[in-house]
Colleague: 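Before anything else, here's the structure in question.
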Amino acid sequence: LFLERTGAPDETEQYEAYSAIAQMMEQRPVVVRTLDVGGDKPLAYIPLAREENPFLGQRAIRLSLNQPDLFTAQLRAILRSTAGHNLKVMFPMIADIGELRRARAMLDAVSSRLRTESIPMAASIEVGMMVEVPSAALLAHVFASEVDFFSIGSNDLVQYTLAAERGNAAVAYLQDGLHPAVLIQIQHVVHSAQRAGRWVSVCGELAADHEAVPILIGLGVQKLSMAPGAIPQIKELIRRLSQEEVKHWADQALRMESSEAVRRFVRAQYAAIGNSDRG
């Protein structure tokens, strides 16, 4: 909807796109993430000042909050699409509670306006946030009382935790979501969500990583978001594992010193399972 074009999509175009997805999915849940561009995904029709490091600049929710007309059009389209469907809205790259509150205030204002205009929409809408930066992970207990769910964006969380730009081959050796520093943050997010009665998903490369999946489940992650082609193999993998053993694996991984150590450990557990099956 937004990339590779010369102008922003208007409310009607967005509404038609979201509604088509909602109708196809019937009552199954659909999460609509608000505009998540900037960094490695610039928009030609939103001129931004040159930034030395765009990954640390105006992107995602920061960009939306600074472009209220663009943001309002998207929020209106999303809310209109909730009528009769199970759509949820999610804000990307929240780093500070003030950002979340500003985004929710705009959502509430748009909702009130639509009701004033007698435009149909769902009576209540779940609102979530991406956890992609360490500040959001470390303060998940603060955010948990103000959102309905968390989605951990593993690619960015790794990038910002280890100060290793995602597209930089020279630091690719650091870009591993099984690093204990990342896993400790995921654990905190999950525990914070559980105490508040919220759910947690993980998206990004880690969610479809065969060596990461048992650790994520062991940490208490409830949902995994991945490319459709990866689903059958991951489902088959999960069926082979017990909740008790993956919790043990996760506990061990949290105590390790590096992602390499975690991966060696998981491979050893898989090998032991394979030998047991053959026996």
Side-chain angles (χ1 to χ4, degrees), residues 31 33-41 48 51-67 71 88-107 126-168 171 174-207 212 215-216 219-223 225 250 253-254 259:
V31 177
R33 176 169 48 176
T34 62
L35 185 60
D36 190 3
V37 295
D40 57 344
K41 293 179 287 188
L48 297 173
E51 296 178 311
E52 289 297 327
N53 191 336
F55 284 100
L56 300 180
Q58 273 203 81
R59 57 174 299 203
I61 196 64
R62 301 170 183 178
L63 178 64
S64 291
L65 291 173
N66 287 329
Q67 300 284 334
F71 197 28
K88 313 172 195 301
V89 62
M90 179 170 68
F91 301 123
M93 203 182 168
I94 297 291
D96 178 79
I97 192 67
E99 291 177 331
L100 176 63
R101 289 172 178 165
R102 286 176 62 195
R104 291 210 63 153
M106 289 188 69
L107 181 68
E126 288 190 23
V127 178
M129 61 174 272
M130 297 289 294
V131 177
E132 301 169 279
V133 295
S135 61
L138 295 173
L139 290 180
H141 56 286
V142 174
F143 290 106
S145 63
E146 302 196 21
V147 295
D148 298 300
F149 62 92
F150 292 112
S151 178
I152 298 172
S154 61
N155 295 345
D156 269 336
L157 187 59
V158 171
Q159 170 175 244
Y160 295 124
T161 297
L162 297 171
E165 185 180 334
R166 286 162 55 181
N168 189 332
V171 292
L174 289 169
Q175 295 158 5
D176 192 332
L178 281 181
H179 195 287
V182 176
L183 297 180
I184 289 169
Q185 292 179 75
I186 293 175
Q187 180 193 46
H188 180 66
V189 174
V190 170
H191 285 178
S192 298
Q194 289 174 339
R195 286 193 292 268
R198 313 308 192 213
W199 53 267
V200 178
S201 69
V202 169
C203 64
E205 294 179 11
L206 202 64
I215 304 300
L216 295 175
L219 291 173
V221 172
Q222 296 166 286
K223 300 178 186 289
S225 176
L254 290 168
S259 56

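These numbers come from a predicted model, not from an experiment.
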Colleague: Looking only at heavy atoms, what is the nearest atom pair of I186 and L157, with distance?
Modeller: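 Heavy atoms of I186 and L157 come nearest at CG1-CD2, 4.4 Å.
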Colleague: Look up atom CG in D36 and atom OG in S64, then write down how far apart they are to the nearest 0.5 Å.
Modeller: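 Reported to 0.5 Å precision, the distance equals 8.5 Å.
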Colleague: Does L65 form a side-chain contact (heavy atoms from CB on, under 4.5 Å) with F71? I'd like the steps, not just the answer.
Modeller: CA-CA 7 Å; L65 291 173; F71 197 28; 4.1 Å; yes
Colleague: Locate the shortest heavy-atom distance separating E165 from Q159; write the atom from each residue and the value.
Modeller: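 Nearest pair, atom of E165 first, then Q159: CA-OE1, 3.4 Å.
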Colleague: For I94, is there any backbone N or O sitting under 3.5 Å from a side-chain donor or acceptor partner on E132?
Modeller: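 No, because the side chain of E132 does not come within donor-acceptor range (under 3.5 Å) of the backbone of I94.
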Colleague: With a 4.5 Å heavy-atom cut-off, do V131 and F143 have their side chains touching?
Modeller: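 Heavy-atom side-chain distance check fails, nothing below 4.5 Å.
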Colleague: Ignoring hydrogens and geometry, is there a side-chain-to-backbone donor-acceptor pair from S151 to V202 under 3.5 Å?
Modeller: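 It does not hold such a pair.
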Colleague: Would you check if the side chain of E126 reaches a backbone N or O of K88 as a donor-acceptor pair within less than 3.5 Å?
Modeller: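 The answer is no, because no donor-acceptor pair under 3.5 Å joins these two groups.
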Colleague: Is it the case that the side chain of Y160 and the backbone of L56 share a donor-acceptor pair, with hydrogens and angles ignored and the cut-off at 3.5 Å?
Modeller: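 Checking the backbone N and O of L56 against the side chain of Y160, no donor-acceptor pair under 3.5 Å is found.
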Colleague: Quick check: closest heavy atoms across H188 and L138, and the distance to 0.1 Å?
Modeller: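 Residues H188 and L138, closest heavy atoms: NE2-O, 3.1 Å.
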Colleague: Side chains of L254 and L219: closer than 4.5 Å at any heavy-atom pair?
Modeller: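 The answer is yes; the side chains approach within 4.5 Å.
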Colleague: Assess whether side-chain contact (heavy atoms from CB on, under 4.5 Å) is satisfied between V89 and L107, documenting all intermediate values.
Modeller: CA-CA 9 Å; V89 62; L107 181 68; 3.9 Å; yes
Colleague: Assess the residue pair Q222 and V190 against the criterion (side-chain contact (heavy atoms from CB on, under 4.5 Å)); give the C-alpha distance rounded to whole Å, side-chain angles, the decisive distance to 0.1 Å, and a yes or no.
Modeller: CA-CA 9 Å; Q222 296 166 286; V190 170; over 6 Å; no
Colleague: How many angstroms lie between atom CG of N155 and atom CZ of R166, to the nearest 0.5 angstrom?
Modeller: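 Here the rounded value is 4.5 Å.
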Colleague: Is it the case that more than 12 heavy atoms not belonging to E205 sit under 6.0 Å from its CD atom?
Modeller: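 Atom CD in E205 is not packed in, count stays at 12 or less.
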Colleague: If we only count heavy atoms from C-beta on, is the M93 to M130 side-chain gap below 4.5 Å?
Modeller: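 No, their side chains stay 4.5 Å or more apart.
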Colleague: To the nearest 0.5 angstrom, please state how far the CG atom of L216 sits from the CD1 atom of I152.
Modeller: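 The distance works out to 8.0 Å.
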Colleague: Taking it one step at a time, do L178 and L183 satisfy side-chain contact (heavy atoms from CB on, under 4.5 Å)?
Modeller: CA-CA 6 Å; L178 281 181; L183 297 180; 4.0 Å; yes
Colleague: Just verifying a value: how many Å separate W199 CH2 and Q194 CD, rounded to the nearest 0.5 Å?
Modeller: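 Rounded to the nearest 0.5 Å, the CH2-CD separation comes out at 14.0 Å.
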Colleague: Looking at every non-hydrogen atom in both residues, tell me the closest pair between E51 and Q58 and how far apart they are.
Modeller: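 Result for this residue pair: OE2-N, 3.0 Å.
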Colleague: Between the side chain of D148 and the main-chain N/O of V127, is any donor-acceptor distance below 3.5 Å?
Modeller: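 Between the backbone of V127 and the side chain of D148 there is a qualifying donor-acceptor contact (under 3.5 Å).
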Colleague: Please confirm whether the backbone N or O of P54 pairs with a side-chain atom of R59, one donor and one acceptor, at under 3.5 Å?
Modeller: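 Pair absent, no side-chain N/O of R59 close to backbone of P54.
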Colleague: Can a donor-acceptor pair be found, under 3.5 Å and without considering hydrogens, that links the side chain of R198 to the backbone of V147?
Modeller: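 Present.
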Colleague: Let me confirm one number: the CG-CZ distance from D96 to R62, rounded to the nearest 0.5 Å.
Modeller: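 Spacing of CG (D96) from CZ (R62) equals 9.5 Å.
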Colleague: Could you tell me which non-hydrogen atom of A181 sits nearest to which non-hydrogen atom of T161, and how far apart they are?
Modeller: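 Taking every non-hydrogen atom into account, CB-CG2, 4.0 Å.
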Colleague: So, for S135 and A95, which heavy atoms are closest and what is the spacing to 0.1 Å?
Modeller: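 Shortest heavy-atom contact: OG-O, 2.8 Å.
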Colleague: Show the numbers, then the answer: is there a side-chain hydrogen bond (donor to acceptor under 3.5 Å, both in side chains) between H191 and H141?
Modeller: CA-CA 8 Å; H191 285 178; H141 56 286; over 6 Å; no
Colleague: Counting distance only, does the side-chain N/O of R104 pair as donor-acceptor with the main-chain N or O of E146 below 3.5 Å?
Modeller: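 Judged by distance alone, yes, a pair lies under 3.5 Å.
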